[in-house]
Number of protein chains: 2
Amino acid sequence: MPLLDRHGVAGLTMRRLAESLDVTATALYWHVTTKEDVLDLALDHIFGEVPMREPGPEWRDDVRALLRSWRDAMLRHPWSPALIGRPVLGPEVLARTEYLQSALSRGGLTDLELAVTTRLLANFVIGAALTEASRGDGDARRHITADYPTLSASGHLDPARWNDDVLFDAGLDAILAGRQR
Amino acid sequence: MPLLDRHGVAGLTMRRLAESLDVTATALYWHVTTKEDVLDLALDHIFGEVPMREPGPEWRDDVRALLRSWRDAMLRHPWSPALIGRPVLGPEVLARTEYLQSALSRGGLTDLELAVTTRLLANFVIGAALTEASRGDGDARRHITADYPTLSASGHLDPARWNDDVLFDAGLDAILAGRQR
DNA sequence: ACCTGAACACCGTTCAAGT
DNA sequence: ACCTGAACACCGTTCAAGT
């Protein structure tokens, strides 16, 4: 939905969507029962953009590749992370979760450890996409220097200091490091 | 804001908020320039509920305590996780981020590793709160059994099988485990 | 300094009616 | 089966005006 990418979730209007489809706004309600339905469909749809590559010999590489594309897809559609939660149950999402979980299984993870790692990875990716999608127009973060010594020394809020991509990849590696072979 | 807790972010209306304050809706615009301002204020405000306990001898315990309360606060106000991203820069949030980062410093983390771990932890907490806040009314997840073998075998979508709290704590421990003393 | 009232340009959604 | 038109009950926000 290019409408969402341009105007954000606040700018998506049933009337606007209808117009882009050359229909009346009320016509949409034959196909869909509520505006939330539209958002649910759009959300699940973008996960179709996340490729699930043929599983290779190194399961860690499969996991990394999947989760990088997962984050990329959300960053390409910055409205998406905030919508997550409701229908993390669309078919596209489920297929990718299955892929992730089976890769972890190949790594030897089972039971509690499998569940913990799946959640940890998924929630990390979602959290990362959510925070990164909205930062960017950051013009705040000034004179923080005085009040928060450790924070400003670490450059946590300085986008020039650390790159989002390397922090994400390193986080992924940290999670994957302590795991079974 | 009990209004938000009861009606969610969609149910918070300038008119409704005004009424609860015994004022006209238009009066609000003298104190605030836009509705988004109200949400930003409300969001930062709930992080004031997250206690920063006196740092103890075990830095890991400080981190765990902070992040558990952090997640708890967001789950008490389920509308909050989806709003994160814009002003993760309010004073309450900044104070907690500073606390977290200084605890990690006491643990011996510096530079890249400090930045990576801070992000990893923060994004995990946010992602967890976001996904957990909206699930709960899950009445989907049926006949998934057939199509996604690993997924359904793991009980990933079965709330009776794994408890959110233990998965969260275990995730936290997994992140903290591989780190400096 | 702080609030009201009227008004504007929108919303999502329902429903009878058309083809 | 699919769409239109009119209508309802709301929205956020602006602005002149009051105290």
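Every chain is numbered from 1, with letters handed out A, B, ... down the list of sequences.
Remark: Glu19(B) CD is loosely packed, at most 12 non-hydrogen atoms of other residues, nucleotides or ligands lying under 6.0 Å away.
Inter-residue side-chain proximity for Arg106(B) and Asp62(B) is flagged as met; some heavy-atom pair is nearer than 4.5 Å. For the pair Glu132(B) and Leu167(B), the minimum side-chain heavy-atom distance is 4.5 Å or more. Leu104(B) is not listed as a side-chain neighbour of Tyr99(B), based on a closest heavy-atom distance of 4.5 Å or more. In this structure, the side chains of Arg53(B) and Asp61(B) come closer than 4.5 Å at one or more pairs of heavy atoms. Counting only heavy atoms from C-beta outward, the side chains of Asp164(B) and Arg119(A) approach each other to under 4.5 Å.
Both Leu176(B) and Leu172(A) sit in one connected hydrophobic cluster of ILVMFWY residues. Membership requires side-chain heavy atoms under 4.5 Å apart, directly or through other members.
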Completion exercise
Base-pair string, DNA chain D, Watson-Crick plus G-U, cut-off 3.5 Å on both distances, | for inter-strand, is ||.|||||...|||||.||
Run the side-chain donor-acceptor check on residues 28-39 of chain A: report pairs under 3.5 Å with partners two or more places apart or on a different chain.
residue, atom, partner, partner atom, Å
Thr33(A), OG1, Asp37(A), OD2, 3.3
Lys35(A), NZ, Leu12(A), O, 2.9
Glu36(A), OE1, Arg86(A), NH1, 3.3
Glu36(A), OE2, Arg86(A), NH1, 3.4

Problem - Contact pattern, 5' to 3', of nucleotides 6-19 of chain C - B, S or - by protein heavy atom under 4.0 Å - result: BB---BBBB-----
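Remark: C1' of dC3(D) and NE2 of His31(A) are 8 Å apart, rounded to the nearest angstrom.
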